[in-house]
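Comments concern the structure below.
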Amino acid sequence: MSKYHFNEIEAKWQKHWAKNHTFKAENLSEKPKYYVLDMFPYPSGAGLHVGHPLGYIASDVYARFKRHQGFNVLHPMGYDSFGLPAEQYAIQTGQHPAETTKVNIEGGVDKNGNEIEGYRKQLDRIGFSFDWSREVRTSNPEYYKWTQWIFLQLFESWYDKDSDKARSIEELRSIFSSEGNIHINAACDEGIAHFTASEWLEFSEIQKQEILLKYRLTYLAETEVNWCAQLGTVLANDEIVNGVSERGGYPVIRKKMKQWSMRITAYAQRLLDGLDKIDWPQPLKDSQTNWIGRSKGAIVEFKVLPPAPSKGRGDVNVSTDSKGRGAESAGYLTGNSAIIGTLLSRAKEMRKNPTKAESILWNELRTKKVGYKFRQQHPIDNYIVDFVCLSKRLIIEVDGEIHQYQLEKDGERELLLKEKKGFKILRFTNNEVINNLQKVVSKIESTLKVLPTGEDLGGDFLEHLEQVSIPPLGARGTIPVFTTRPDTIFGVSFMVLAPEHDLVSKITTSEQKEAVENYVEATAKRSERERMADVKTITGVFTGAYAEHPFTGDSLPVWIGDYVLAGYGTGAVMSVPCGDQRDYDFAKHFKIPIPNIFKDADISEEAYSDKENTTITNSDFLNDLSYSAATEKIIAAFEEKGVGEGKINYRLRDAVFSRQRYWGEPFPIYYKDGMPHAIPTECLPLRLPDVEKYLPTEEGEPPLGRAEKWHWDERTREVVSPPLEGSGEDIFPLELNTMPGWAGSSWYFFRYMESGKTESDSKRDEVFASKEALNYWKNVDLYIGGSEHATGHLLYSRFWVKFMHDRGFAPVEEPFKKLINQGMILGESAFVYRVTLASGNVKEDNSETIEILKKIPNFFISYNILREKGQVQNGLLSTISLRNKLLSIIREQSRDVSEDFLSQLVPFINDLHVDVSLVNIHNELDIEAFRNSREEYKEAIFISEKGIEINNNNEKYIVSREVEKMSKSKYNVVNPDDICEQYGADTLRLYEMFLGPLEQAKPWNTAGITGVHGFLKKLWKLYHSGPDESFYVTDSPPSEGQGEDLKTLHKTIKKTQEDIENFSFNTSVSSFMIAVNELTAQKCNSKDVLEPLAILISPYAPHIAEELWRKLGHSESISTAPFPKFEEKYLVESSKEYPISFNGKMRFTLELPLDLNKDEIETAVMAHEKTAQYLEGRTPKKVIIVPGKIVNIVG
RNA sequence: GCUCGAGUGGCGGAAUUGGUAGACGCGCUGGAUUCAAAAUCCAGUGUUUUAGGACGUGCGGGUUCGAUUCCCGCCUCGAGUACCA
């Protein structure tokens, strides 16, 4: 006697597989390779729900199938274990993220005493065929050593556009030394000045480093970043959803900060082209294509005209460099020119309102009392410092009452001032200044003595800026714009700059200055979300400046407006109101002329943006040309005139790579003379230091600023404490930022290729993966995961792999050959309907009424009563009878509530999520369990389907159901452990596959699981048809003569193989059910049928298959048994049940031999009595016969 | 707004190249077994009907002997994206 004891069987085989390393992949194998990978999971503390393993089950089925087909399969698993949740948890509890991460993976007890199962155990219970010997965790130093190594390779590389690949910085240095940068065609920062070889050789090392930084593939630069104050960090574009942070949903603002960036834009075209070579879902490719956003057009420069004499004092000549940056040559102009207007007004105000300590100290510092010139409230870069001595590069800050503008301190501030701009910072508290002024002054004086002296070119900052803001002459100033419609250039009637544009402060006339500055400031304050929320409001300000049309010579007013984005193209547009709706709306709003340059186009209501059926007119030499002809002609004209050229523009921006957080890879970078330097690769990993708190420092530095030892000693090559004053010329501060989550996940698939550390042949300590391993496994053959990674992980890893390929570290250019997005499994939330009786006189609510209300119990009303009678209107229970019913229940219970009060009560109804574990498959609520779930429900009264109070077991309370995302907060989470416990892992695996197509989102319904569970029981029975359900399989040939069971088997082989290859897992589960139903009916017990059947089912239900395999007499695991071979001969039929249709409607079927030809079929059909019946005497006009398929009679 | 995807019984979903719509499972109904329940087994189950049929794959057209499948227009839902010049 033997029942299907799935718990025993599953535990037994899971142990067996682990012990025998059944699924270990070999790096040296005769077999062809196949690499199946799941997207890297983040090990969260919440554990798995049934939605998580869906993709893993699918990939496991495929991996097991490939093993049966004779492939050497690599199917690894590991953890993307750096990340925000562990760090947020660390901030709350003080626990080291490494510890919580370990518990989340391996299990244990968390700080609140909660038992945590751990990811690994949960995964093991489902019977995956992972090769755990190759596991990786991104937060292990052994792993992130190589993440840092790859970062340094990017740092030591530049992108050569001519050979279209990344090359080493050493090669760039040697090109510079031999020919300067004139012939270099690189992906680099804009506006790098040209230099010759001899000039290069003359440069100081710092200057050289500064220039090289502009070419490196990862570089440090001032960029507009997405700053999230609540998370205390910057975010990448893909980490922002609808203008708020993806994690936590906090607001995000645009901000300029010095950050590490990755020059992914260098790869824009290759990332686009590569999409054609990979087998990915079209929507995913589309979203990458959109994200890269290639558009073809032209770049044109418009000259800025000198202001008209009447309009101002246009005689101050300030030189501008190619980026339009003026004034920066003066040593005291240390503020960031882009936001100087804002800084300026803040500085002014702060000078007017000094704190007590500030004014005391200023008295001691002003007019060179200490021997050096100090400045008060002075802008440096993006900040305003309290006092600064520029010649000594000494900043003095007084802490305490903080100016309100400085409340939003940020992590970069001190780092930037101290380590990148080379300032020394002295910090005093208000108390020290007020109570111990003498000590403070002498500290300042002694510090001044030791510091080297630089220059402070006189003049006052504020006064100077007054002058600078007078518009410079436009002789060298131009506004470059990008346009996809260069053919419409004669329709330009104005220009618009982004408010953040560098030129804004340069060209604004004094008349317009105030309006412009107000506008710029207002725009900067608006969050991205606000800007998105109202795209309809048209705003903008005229700068007072004019630009010259390159062909007509017309003066075009230059505006600023926030519909122009600083980050796209050049941050400026030539506005063609007749052809672009946004320009049209802007022109209409500000009453700017709208010239029409399209023949026969009506632009009275809206812009005419059609390209294809367009004829250009009013456009000089472009008249009567089509869009394409005009475009070609005008670009030639641009080039001839030297005002522009054809250009391809991408929406893709360089990816910000710094995070002001603790739990990430440290950058292997230290700062010397303000320039970043790489730590020698031999010294990696640079380990994450311990800190006593995971928050930013008081100065707003990232958490790493709290580490005691976080300086690099060049001489001893180790991490050391900061140098003492006057010593340690070899000791430099290390970078305080850490890398983002996508750093570790951009290359992990390569790490799996190398054998695990415990293997004798492992080279994991020497290389990120050995050449042999990389060349054998190449890339991932099948990658399964969610579509949420479309523009993050999947784009960044493609970028890194292309880079690694360029530099010869990887043999392939694309990481993932085939990719499948599994759909989400949704939860079926359950709702109960609670009626609360509240006093109708809400305003008179007082503690007395509240006391009385407390005596009134909660009512819960069964769903169908409400549904059927439509009793809910705006949250109010509308039926009086029901209300009276509730009141009478209260009276019956003789609660101490006056009749008068009762009559005032108004019932409110709301639906509440109820834990799905308290509801059975018939949607009946377990009332007792529900009462016990919360104190406030203890006395609740339930109204049944029949509308009466429930006080026995015959009455039912029915909940309503709704499909929602599965989440703890919705109480609809189904835990796979529970399913395994109750039905077994094989049932879980089958059911997840059976639910529906892998790619589709589908609701989980635990009730349906009995179907597949019943199937497994039937399967087991099929092999146990002996006396007392003993194992019974015979060697006798399959049901002699009939061959019905072989037909069933081969039909199933064919279907299963086709289905797996098409990733149509749900239909193959159906075909197993059909097979087992048929074989059971046939009373099949033949080994020739049942043995192959076990292999067919093994990828889906490996435990039961392994057990049956053992019972069939095999000592080896079923996992590598060859997949049964399909043989057509068993499916050959001799006759066909023909559907006979009349005018396309099937009326009856007729069994006929398959070897009949058309004429014979027609004769047979026409002779049939039913045919005559359906024809009702008519003569058929036509008889369509498709032999083997159908017969259709028309007439 | 734009891009992509999807609409089939009470539910999850099948249907290969245009050829018997609703496979398989859940649920439901009836029956067997049982003291009873669970489990198991058997039968039925798109709607409608005057029991012959009629109608049925989001809606309206079209192509075809024949359309869930192909074409045109529309509606609804979901996902991505967000002024990209």
Side-chain angles (χ1 to χ4, degrees), chain A residues 241-243 281-287 289-291 293-295 297 481-485 488 496 528 531-532 534-536 538 561-565 567-576 579-583 585-586 609 649-652 787-788 790-791 821 823-824 828 921-923 961 963 990-991 994-997 999-1015 1017-1018 1021 1055 1058 1062 1064 1066-1074 1077 1137-1149 1173 1180-1186 1188-1195:
Chain A
V241 178
N242 294 327
Q282 197 55 42
L284 206 159
K285 287 189 184 183
D286 289 346
S287 66
T289 307
N290 273 331
W291 194 261
R294 180 187 200 266
S295 48
V481 301
F482 175 75
T483 174
T484 53
R485 295 293 304 274
T488 63
V496 185
E528 196 79 345
R531 255 170 105 157
M532 277 163 51
D534 86 308
V535 290
K536 286 189 187 76
I538 296 161
D562 70 358
Y563 83 97
V564 177
L565 304 175
Y568 182 74
T570 63
V573 300
M574 58 174 225
S575 297
V576 184
D580 182 290
Q581 194 56 42
R582 292 155 306 172
D583 295 344
D585 295 339
F586 195 86
S609 54
N649 202 38
Y650 299 92
R651 200 183 75 136
L652 185 73
S787 54
E788 67 273 19
T791 47
N821 286 134
M824 212 189 313
E828 270 202 315
I921 59 166
H922 305 290
N923 292 340
R961 293 279 195 166
V963 172
L990 274 171
Y991 189 52
F994 183 66
L995 272 179
E999 299 91 332
Q1000 246 172 57
K1002 54 226 164 242
W1004 176 271
N1005 175 8
T1006 304
I1009 205 165
T1010 53
V1012 286
H1013 188 63
F1015 155 73
K1017 285 201 252 184
K1018 253 189 197 166
K1021 251 193 197 158
K1055 178 93 177 119
E1058 280 171 4
N1062 292 321
S1064 173
N1066 56 328
T1067 50
S1068 51
V1069 178
S1070 306
S1071 72
F1072 294 146
M1073 292 175 170
I1074 295 167
N1077 286 345
E1137 182 121 330
Y1138 277 95
I1140 312 299
S1141 304
F1142 292 78
N1143 298 319
K1145 288 268 173 231
M1146 206 279 288
R1147 295 301 175 184
F1148 64 93
T1149 59
Q1173 182 193 324
K1181 285 187 193 136
K1182 203 172 171 187
V1183 179
I1184 284 126
I1185 293 164
V1186 183
K1189 291 263 187 190
I1190 52 108
V1191 176
N1192 189 17
I1193 298 165
V1194 186

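None of these values were measured; they are calculated from a predicted model. In what follows, every chain begins at residue 1, and chains take the letters A, B, ... in the order their sequences are listed.
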Checklist entry - When the P atoms of B:C24 and B:G44 are considered, how many whole Å apart are they? => result 12 Å
Checklist outcome for this item: Nearest heavy-atom approach of A:S575 to A:Y563 is OG-OH, 3.5 Å
Checklist outcome for this item: On a heavy-atom basis, the closest approach of A:M574 and A:D583 is O-OD2, 4.0 Å
Below 4.0 angstrom from OP1 or OP2 of [N], is there any side-chain N or O of [X]?
| X | N | answer |
| --- | --- | --- |
| A:Q1000 | B:G13 | yes |
| A:R651 | B:U81 | no |
| A:K1145 | B:G66 | no |
| A:R485 | B:C84 | no |

Within the structure shown, what part of the strands sits under 4.0 Å from [X] by heavy-atom distance: base, sugar-phosphate, or nothing?
| X | answer |
| --- | --- |
| A:S1141 | nothing |
| A:N1192 | base |
| A:N1066 | sugar-phosphate |

Next on the checklist: Measuring from the side chain of A:V1186 (C-beta onward, heavy atoms only), which nucleotide among B:G12, B:C24, B:G19 has the closest atom?
Outcome noted: B:G19
Next on the checklist: Of the options B:G12, B:U20, B:C83, whose atoms approach the side-chain atoms of A:M1146 most closely?
Outcome noted: B:U20
Next on the checklist: Suppose we define a pair by two distances each less than 3.5 Å, Watson-Crick or G-U wobble; what does B:C2 pair with here?
Outcome noted: B:G80
Checklist entry - So A:N1062 and A:E1058, side-chain hydrogen bond (donor to acceptor under 3.5 Å, both in side chains) or not? Walk me through it. => result CA-CA 6 Å; A:N1062 292 321; A:E1058 280 171 4; 5.9 Å; no
